[in-house]
Amino acid sequence: MSRIHRLPTSVVNKIAAGEVIERPASVVKELMENAVDSGATHIEVSLKDGGLEMIRVADNGCGISADDMPLAIAAHATSKIANADDLFRVSTLGFRGEALASIAEVSQLKLRSRTGDSDVGHELLINGGQLEPMAPCGCPIGTVVEVASLFFTTPVRQKFLRTMQTEMGHTVEAFTRIALAHTHIHMVLRHNDRVVHDLPAQESLPSRIGSFFGDDVRQALIAVGGDDNGVKLDGYVVDPIHSRSHNRLQYVFLNGRHIRERSLQHALSEAYRGLLLTGRYPIAFLNLSMPADAVDVNVHPAKQEVRFLDGGRIYSLVLGAIRNKFLTTDLTARTQTADSSATNLGSSSREPTPAAAGTDWRGPSAPLVATHHQLSDYQQREMSLSDDRRITDWTAGPSMLGRSSLGGADSFRPFPDQAVQRRVDMPEAVLPPARDRGRALQVHNRYLITESAEGIIVIDQHALHERIIYEQLREKVLSGALESQKLLVPEPVPLSPTEFALVAEATGTLAQIGIAVEPFGGTTMLVSAYPAMLANHNPAEMLRSVVEQLNQSDSKLERRDVLDELLHMISCKAAVKAGDRLTPAEVDALIEHRTLCQDAHHCPHGRPTSLVFSREELDRRFKRT
Ligand code: ADP
Ligand code: MG
């Protein structure tokens with residue numbers, strides 16, 4: 001081993017650069033933070049090739065005086081703190097004094113700046129950490145930092161860079177975070193001379209959210225707020241009709257700094273518990289402000305993580321504020337407004353709910369999302385369940401189950417779980433125009449007759465209903481969201497050895513459609529949960545039908561095909577039968593949902609669901625032509 005020696009500054013800076021500057025996005029973040037700290041009201045970010053080629057950040061802030069320019073790019077040089085105590089009084093985004101030094105060490109950096117009290121600006125070039133002589137130049141008040149050939153001094157780091165698209169994605173994310181945290185600043189993002197974002201100054205947060213995440217999200221924002229002992233929360237959460245399969249749309253800002261904080265992500269999940277399906281994450285934009293000494297921001301080089309003095313209090317503040325807001329918000333009204341604007345339907349198209357007539361009907365005109373009373377009830381039931389698979393005991397709440405028994409007129413449940421379905425980001429512009437409703441006639445308790453522009457349509461009520469259920473089921477199974485109903489008393493089903501083997505082999509597939517089985521000694525299977533849609537079927541009978549289905553299936557069938565067969569079976573069982581008398585509202589609902597089907601013309605078995613008698617044909621038959 002050689003003797004201990006001090007590392008040259010350039011090596012120290014490279015080590016620091018490794019921590020702070022990971023990719024082009026880190027450069028954008030640091031330079032934008034400096035611009036915000038400079039008091040700028042206008043910040044322009046320009047990139048070439050996702051920032052791999054060039055990054056330029058220009059601001060109209062306070063600028064750097066000629067004397068300070070060389071210091072600005074020196075390591076551990078900052079104007080933002082003076083002593084260790086200041087670390088707990090940080091009110092700026094930067095304070096470590098290492099960003100510019102780090103970037104300059106691993107790139108070709110050009111710094112150009114002018115302060116308000118100087119007539120000229122100055123330009124400084126640093127080439128892989130090597131300072132070149134400073135020169136005066138003409139420039140507006142403010143600062144421009146241009147970074148080229150990033151990582152040219154550290155080829156290893158360069159190898160870790162991804163494609164331009166990936167780097168651009170990270171860079172846009174860095175821009176988004178700062179733009180959301182500082183809505184008063186005019187911010188522009190350019191990529192290869194194309195304007196990606198141009199966000200006006202003094203913008204409202206919802207408007208900025210809309211620019212990044214679209215109008216759907218903006219219209220579904222719900223304001224939340226609260227405070228507790230000097231800690232203040234404000235911002236927006238998004239109506240549970242919108243969710244994501246990841247938690248990246250959970251933006252939390254602390255004193256203007258974007259942070260990622262596990263406990264706050266957890267608070268969000270808790271607040272939405274029961275409102276989102278497993279695997280879905282809420283969307284939120286939350287601002288926390290608190291005295292600088294209530295938090296330690298100096299625990300992470302990129303300052304992404306922070307340490308709260310009283311994390312528990314902040315957790316409760318966030319959870320409590322959102323939960324209370326939900327319990328006092330009528331999400332129904334919101335959804336209906338959103339729907340009518342999305343579909344361009346006036347309120348006149350909202351017919352009175354058939355439920356008003358005293359039935360338990362939950363057709364499409366009924367609230368699509370539980371009202372707040374139901375919501376809290378639902379939430380409570382959900383909250384008492386810890387099982388992640390969310391086997392839900394619906395027996396407690398008849399409201400979601402529709403009518404109570406299958407087999408007669410009272411059995412009709414075309415949308416047994418409308419409210420739940422609604423939470424799976426169902427496309428919104430789907431309600432058919434009002435004139436298509438209320439025009440079908442049931443005949444012989446088995447066919448529905450309606451008209452279209454082409455002619456007369458005769459619909460097989462069972463086949464159509466089966467198709468509707470099948471599509472709904474399939475969508476849920478594919479998204480892993482099928483509701484399963486837990487049996488209060490699991491039911492043992494004796495099987496033959498072959499049948500037992502078939503079921504054992506298909507256990508995983510069965511679980512996907514909500515049927516939970518387990519061996520129960522010998523060749524008996526225990527059914528402990530089954531699809532909520534089949535609430536009124538005998539579980540033993542149902543398992544036997546499954547076995548029958550498995551038996552018939554070609555052994556070479558793909559697992560997916562077996563699943564499909566089982567879905568057909570369930571839809572068939574859950575659908576109204578030929579011979580069931582339907583109420584006008586039920587007829588209407590079937591007709592309405594017909595238009596939502598991907599394939600409304602065939603039942604899952606391939607039989608037609610409807611026949612069309614064209615006007616031409618009718619005219620011909622009646623010898624009108
Ligand atoms: P820090 O931001 O942690 O202080 P930096 O290396 O990012 O460290 O910047 C060093 C110093 O250079 C800052 O403290 C600030 O005084 C000055 N500076 C950097 N960028 C700008 C800018 N855009 N406008 C004005 N001053 C700047
Ligand atoms: Mg900085």
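Each ligand, and each atom within it, is numbered from 1 in the order the structure gives. Residue indices begin at 1 and follow the sequence shown.
A donor-acceptor contact closer than 3.5 angstrom is absent between the side chains of Ser79 and Asp68. Residues Asp198 and His186 have side chains that bring a donor and an acceptor to within less than 3.5 angstrom of each other. Between the side chains of Asn247 and Arg260, at least one donor N or O lies within less than 3.5 Å of an accepting N or O. At a cut-off of 3.5 Å, with distance as the only test, a side-chain donor of Lys80 or Asn34 sits close to an acceptor on the other residue. Glu203 and Ser207 are linked by a side-chain donor-acceptor pair at a separation below 3.5 angstrom, with hydrogens and angles left out of the test. Asp67 and Ser65 share no donor-acceptor pair across their side chains, judged by distance under 3.5 Å alone.
Listed by atom number, the atoms of ligand 1 under 4.0 Å from Ala77 heavy atoms are 10 (C). Shown in contact with Ala99 at under 4.0 Å from a heavy atom are these atoms of ligand 1, numbered in order with element: 6 (O), 7 (O). Within ligand 1, counting atoms from 1 as listed, the ones closer than 4.0 Å to a heavy atom of Phe95 are 1 (P), 3 (O).
With distances taken over non-hydrogen atoms, the option nearest atom 8 (O) of ligand 1 out of Ala58, Gly97, Ala40 is Gly97. For atom 15 (C) of ligand 1, the choice among Gly142, Ser79, Ala35, Ala74 with the nearest heavy atom turns out to be Ser79. Of the candidates Leu71, Ile64, Thr78, the one placing a heavy atom closest to atom 26 (N) of ligand 1 is Ile64.
Of all the heavy atoms of Thr143, the ones lying under 4.0 Å from any atom of ligand 1 belong exclusively to the side chain. Residue Asp59 touches ligand 1 through its side chain alone, judged by heavy-atom distances below 4.0 Å. When heavy-atom distances to ligand 1 are checked against a 4.0 Å cut-off, Glu30 has no atom that comes that close, whether in backbone or side chain.
Between Arg56 and Glu146, at least one side-chain nitrogen of the basic residue sits less than 4.0 Å from a carboxylate oxygen of the acidic one, meeting the salt-bridge criterion. A salt bridge links Lys232 to Asp234: one of the charged nitrogens lies within less than 4.0 Å of a carboxylate oxygen.
Distances between N or O atoms of Asp37 and those of ligand 1 include no value under 3.5 Å. Residue contacts with ligand 1: Leu100 is placed with a nitrogen or oxygen under 3.5 Å of a nitrogen or oxygen of the ligand (distance criterion only). Of the polar atoms of Gly94, none of the N or O atoms is found under 3.5 Å from an N or O of ligand 1, judged by distance alone.
Under the 30°/60° scheme for interplanar angles, the aromatic rings of His184 and His182 are found to stand perpendicular.
Heavy atoms of Lys80 come nearer than 4.0 angstrom to ligand 1 in at least one pair.
When distances to the Mg ion (ligand 2) are checked against a cut-off of 2.8 Å, Thr78 contributes no N, O or S atom below that limit.
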